[in-house]
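Comments concern the structure below.
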Amino acid sequence: MTSVRVPTRRAVVAGMIGAGVSLAMPAARARAASGPPPFGTIRHQFTLVQGARPVPQVAIPALAGGTLDLTVFKGRLVLVNFWATWCAACRTELPMLDRLAASGRSDLVVVAISTDRNRAQVAPYVKQFKLRRLAIGFDPGGLVSRIDAAEVDTPFALYGMPISFLIGITGQVEGYMTGEADWLSAEASRLFDYYAGGATQ
């Protein structure tokens, strides 16, 4: 006589959980594939801008003379960092951004815009930290950046200092990162690769 093994309640529940997990995993993978790879620090994460907005065409005074126009880089990624000489975290991040600008990545432009009201402080600061490859601009009066919505109609809202905005190849702001971040990391490189491939929100 053949004995029939009746599955225990524990085995049935475990099987149901396992089936649920296996069904959920493809959906989780699809969600992960639909957005940019994660990038962040312990305190901050790269935040997507819903309804990406075009960058305003504004002549930003440049440290090297002349002006910077963020709209001329369409077709390339632009990492725009807003900083100030009084910002302690900027002392860590700016040299890293300078190395990123010197990395030879042809599809990426790195621009660092000072919000200092005293322009005379910026040149010595840049020299002190040996920032040689960054394009440095000035925006003390809020030409392109704003602290609150009442000031300037722009996608560059200063939620913190420093803050970096990533402009996609279509010329729209895709997301931002507050606080200093490791822009030379593999995670940052994957983020750049994602948007360099034409992805947009």
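- Across all their heavy atoms, L100 and L79 have their closest contact at CD2-CD2, 3.9 Å.
- In this structure, OG in S145 is found 10.0 Å from CD1 in I163, a value given to the nearest 0.5 Å.
- Inter-residue side-chain proximity for L131 and D98 is flagged as met; some heavy-atom pair is nearer than 4.5 Å.
- Expressed to the nearest 0.5 Å, how far CE of M177 lies from CG of L191 amounts to 9.5 Å.
- When all heavy atoms of L94 and A112 are compared, the pair lying nearest together is CD2-CB, 4.0 Å.
- The side-chain heavy atoms of V111 and I136, taken from C-beta on, include no pair separated by under 4.5 Å.
- Dense packing is recorded around CZ of R119, with more than 12 heavy atoms of other residues, nucleotides or ligands lying under 6.0 Å away.
- Side-chain contact between R99 and V110 is absent, with no heavy atoms from C-beta onward closer than 4.5 Å.
- Remark: the backbone N or O of I167 is not paired with any side-chain donor or acceptor of Q172 at under 3.5 angstrom.
- Between R91 and T85, the closest heavy-atom pair is NH2-O, 4.1 Å.
- With values rounded to the nearest 0.5 angstrom, T41 atom OG1 is found 13.0 Å from F46 atom CZ.
- Ring planes of W83 and Y125: parallel class, angle under 30° (limits at 30 and 60°).
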### Task
Decide side chain to side chain contact (heavy atoms under 4.5 Å, CB included) for L70 and F156; before the verdict, give the C-alpha distance in whole Å, the side-chain angles of both, and the deciding distance to 0.1 Å.
CA-CA 12 Å; L70 299 176; F156 301 121; 3.9 Å; yes
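- Between V109 and L77 the shortest side-chain heavy-atom distance does not fall below 4.5 Å.
- Here the side chain of R117 pairs a donor or acceptor atom with the backbone of P140 at under 3.5 angstrom.
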### Derivation of the side chain to side chain contact (heavy atoms under 4.5 Å, CB included) call for F39 and R190
CA-CA 9 Å; F39 175 64; R190 284 194 286 269; over 6 Å; no
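- At a cut-off of 3.5 Å, with distance as the only test, no side-chain donor of Q121 or W86 sits close to an acceptor on the other residue.
- Residues E174 and L48 have side chains not in contact (no heavy-atom distance under 4.5 Å, counting atoms from C-beta outward).
- Rounding to the nearest 0.5 Å gives a distance of 11.5 Å between OG of S164 and NE2 of H44.
- Of all non-hydrogen atoms in V55 and T71, the two that sit nearest each other are O-CG2, 3.5 Å.
- Here Y176 and Y159 bring their ring centres to under 6.0 angstrom of each other.
- In the model, D139 has no side-chain atom that pairs as donor or acceptor with a side-chain atom of T115 under 3.5 Å.
- To the nearest 0.5 angstrom, D182 atom CG is 9.5 Å from E93 atom CD.
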### Message
Would R105 and D193 count as a side chain to side chain contact (heavy atoms under 4.5 Å, CB included) here? Give the steps.
### Response
CA-CA 11 Å; R105 183 163 183 148; D193 289 343; 2.6 Å; yes
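- D107 and A196 make their closest contact through OD2-CB, 3.3 Å (heavy atoms, listed as atom of the first residue, atom of the second, distance).
- Closest heavy-atom contact between S114 and D116: OG-OD2, 2.9 Å.
- Using a 4.5 Å heavy-atom cutoff, the side chains of R76 and L108 are not in contact.
- Ring pair F82/F165 is perpendicular by interplanar angle, where above 60° counts as perpendicular and below 30° as parallel.
- Contact of the I60 side chain with the I113 side chain is registered, since non-hydrogen atoms from C-beta on lie closer than 4.5 Å.
- Separation of atoms CD (E180) and SG (C90) is listed at 8.5 Å; rounding is to 0.5 Å.
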